[in-house]
Participant: 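The structure under discussion is supplied below as structure tokens; questions concerning it will follow.
Sequence lines set the chain letters: A, B, ... in the order given, protein chains first and strands last, and positions in each chain run from 1.
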Amino acid sequence: MKTKIANWGNYPVIESKEERFVFADQLDTLIKDQQPFIARGNGRCYGDASLSARTISTLKFDKVLSFNADAGFFECQSGITLDQILAVIVPKGWFLPVTPGTKFITIGGALASDVHGKNHHVDGSISNHVIEFDMVLASDEVVTCSPVNNSELFEATCGGMGLTGVITRVKFRLKKIETSLIRQKQVKAANLQELIELFDTYKDYTYSVAWIDCLKKGAHFGRSILILGEHATIAEVNENQRSNPLALPVNKQIVFPINMPGWVLNKFTVKAFNFLYYAKNLKKEINNIVSYEPFFYPLDKVLHWNRLYGKKGFVQYQFVLPLNARQGLVEIMNRISDEGLGSFLAVLKVFGKQESMISFPKEGYTLALDFPIRKGLLDFLDELDELVLKYNGRLYMSKDARMKPQMLTGGYPELEKFKSIIKRYNPDGKIRSVQSDRLLLTEIK
Amino acid sequence: METVLILGATSDIGIAIAKKFAAQKYNIQLAARKAEQLVAIKSDIEIRYNVECTAHEFDAIHYHTHTSFFENLNPKPDITISIFGAMYEEDNAFDEWDLTQMMINVNYTGVVSILNIAAKFYTGRKKGTIIGISSVAGDRGRASKLIYGSSKAALSAYLDGLRNKCFKDNVHVMTVKPGFVYTRMTENLPLPKALTSTPDEVADIIYSAFKSKKNTIYIKWFWRYIMLIIKNIPEFQFKKMKL
């Protein structure tokens, strides 16, 4: 039975036959079927990476297999969400070593995207914390991969968008915490120059990210709020919090009820939103203790916030430029500002060093923006692509729904190696997605 | 802490019920035909909910093993929940006796065999709860659910009788009649969204009905009325209908 599915950006929407498995032998049967497919978790990548005419859902393959609460090792099936993992590990004094801005993704998806978090400059991406994983190949063979065992396949799978096989089991290291709270510092920056300096001043903070108003021009170009954090120690929290330091946050979720009409989001409303967001921090610097939830997952509080962008959906554009290409950052932000193409969210983060085959992060500045789908947007993004390439940058495949193959080739120097590995392990393109066909990672049949 | 035995623990509803009771701090005994499939469910429940969880091999149609299966449970469960069932394509079942027999043997004979044993234990102890999952398909025989429906009808009648028999010994028997549920059994059927429940909803409803000692429950209240209407269609009319 085919149904319409889309990922988080609601663009594109395709017809797909969704199948699922609870046990390994059921997956086996599904893979033996000749029909091409892609594995799909919670559908929280933004674009078309986990879309295909046939999708195999991992969501029911979600069991916790082992948890060593002394040493901090966690082993689970691939369809479990970070949300569910946190519910198990936080009360025992552990945290995810790396987490992206939503906890509603599966661990398998996290690995296939090799997600990064606010601590990339100190802790790298999720694959740096993986001890080993199991994967079922297109041939139906099960392999165990680790940084030393089947290391090439390991590397091609981390960030490989599910094209090497179906990840089924992941074992990884956790991070020790004393409390479930975060000691947060927010610092206002009047412009981009100041923000970059602040990033440097506070580079020793474990977590850092900046919200940036990219529509502001002149002296306030790039005005922003830098958000920094550390896991709070017992000594740092108050009496009340000390009584139950590892408490899970109380879930009060708001559901964004409808798709917003397209006209609501325009230059003026976005400007007003950005003004209010910036102005809500009255002081130059705020220091406080907050739960991990609003710190790491501010948007998860609003379920279906993607409806904000209306029925046509949106694309997220996330690129990284090397540290020496700050001029490129300015140029790209200027182009966006000139165009007046609004984005509520512009998030800037400085990545630390990372050398990998197909993962997105590399040392430099990464900026993520949302653009609601509208006429002329795709052409405009093609234009931005040229700037990103000119400054030796690249795009994040997990957020992509529209880049052209040459953009991928230009951004990822080891792409040919990645392609050759796909050819070896997925020779007939049995594992394929709308994205892999579009980017010529698998040949369209 | 009380213990819950779940017969048919690898089914979607079985897993959901196990999790629901574990979250309410019951120890769990998982039983299923493919015991190797229980390994991951067991570790998942132990780690997530900090309760004791054990796995047991149980085959509904190996009746002669049922007594020793129940005897080997230690501790004995305070609540026994039977969820297992078989549903094949009705047309195939009508043509092939093996399939017809299998459905009857799993859905009726197998349940009666194991629940008789549990009921004897509970009445002897003057305490216990039995929860049997039947189906709305058992409320009236229909062509499209000929064998499945009749096996569930027999099961519903058995559970009614068992409730009657065990009441005086302080043993409660609850009959559950789910309508459409999103499970592996139904995944290729185009189910009407408004009438269909998820396994988690089923588990929540069963748990609260168990707590308030309900007798027969329909998952989603309107199924009671849908089936009431279907039951009251006069036979001369009903037999001409495609249902």
Participant: Within a 6.0 Å radius of atom CE on Met174(B), are there more than 12 heavy atoms belonging to other residues, nucleotides or ligands?
Facilitator: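 Count over threshold, so yes.
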Participant: By number, which residues in residues 73-86 of chain B have some heavy atom less than 4.5 Å away from chain A?
Facilitator: none
Participant: With salt bridge (Lys or Arg N to Asp or Glu O under 4.0 Å) as the rule and sequence neighbours excluded, what pairs involving residues 101-110 of chain B come up?
Facilitator: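 For residues 101-110 of chain B: none.
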Participant: Would you check if Ile45(B) and Val64(A) make a side-chain contact, meaning some heavy-atom pair closer than 4.5 Å?
Facilitator: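 No. Closest side-chain heavy atoms not under 4.5 Å.
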Participant: No hydrogens needed, just list the donor-acceptor pairs between chain B and chain A under 3.5 Å.
Facilitator:
residue	atom	partner	partner atom	Å
Asp12(B)	OD2	Arg20(A)	NH2	3.3
Gln37(B)	NE2	Asp25(A)	OD1	3.4
Ser43(B)	OG	Val64(A)	O	2.7
Asp44(B)	N	Val64(A)	O	3.1
Asp44(B)	OD1	Val64(A)	N	2.6
Arg48(B)	NH1	Gln84(A)	OE1	2.7
Arg48(B)	NH2	Asp62(A)	O	2.8
Arg48(B)	NH2	Gln84(A)	OE1	2.9
Asn50(B)	OD1	Lys92(A)	NZ	3.4
Glu187(B)	OE1	Arg20(A)	NE	3.3

Participant: What part of Ile89(A) lies closer than 4.5 angstrom to a heavy atom of chain B: side chain, backbone, both or neither?
Facilitator: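 Neither part.
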Participant: Answer with side chain, backbone, both or neither: which region of Phe23(A) has an atom nearer than 4.5 Å to a non-hydrogen atom of chain B?
Facilitator: side chain
Participant: Show the numbers, then the answer: is there a side-chain contact (heavy atoms from CB on, under 4.5 Å) between Leu65(A) and Val39(B)?
Facilitator: CA-CA 9 Å; Leu65(A) 301 173; Val39(B) 176; over 6 Å; no
Participant: Taking CZ in Phe94(B) as the centre, count heavy atoms belonging to other residues, nucleotides or ligands within less than 6.0 Å. Is the count above 12?
Facilitator: no
Participant: Other residues, nucleotides and ligands only: do more than 12 of their heavy atoms fall within 6.0 Å of CD on Glu89(B)?
Facilitator: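 12 or below, so no.
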Participant: Just jot down the salt bridge (Lys or Arg N to Asp or Glu O under 4.0 Å) partners of Glu57(B), sequence neighbours excluded, or say none.
Facilitator: none
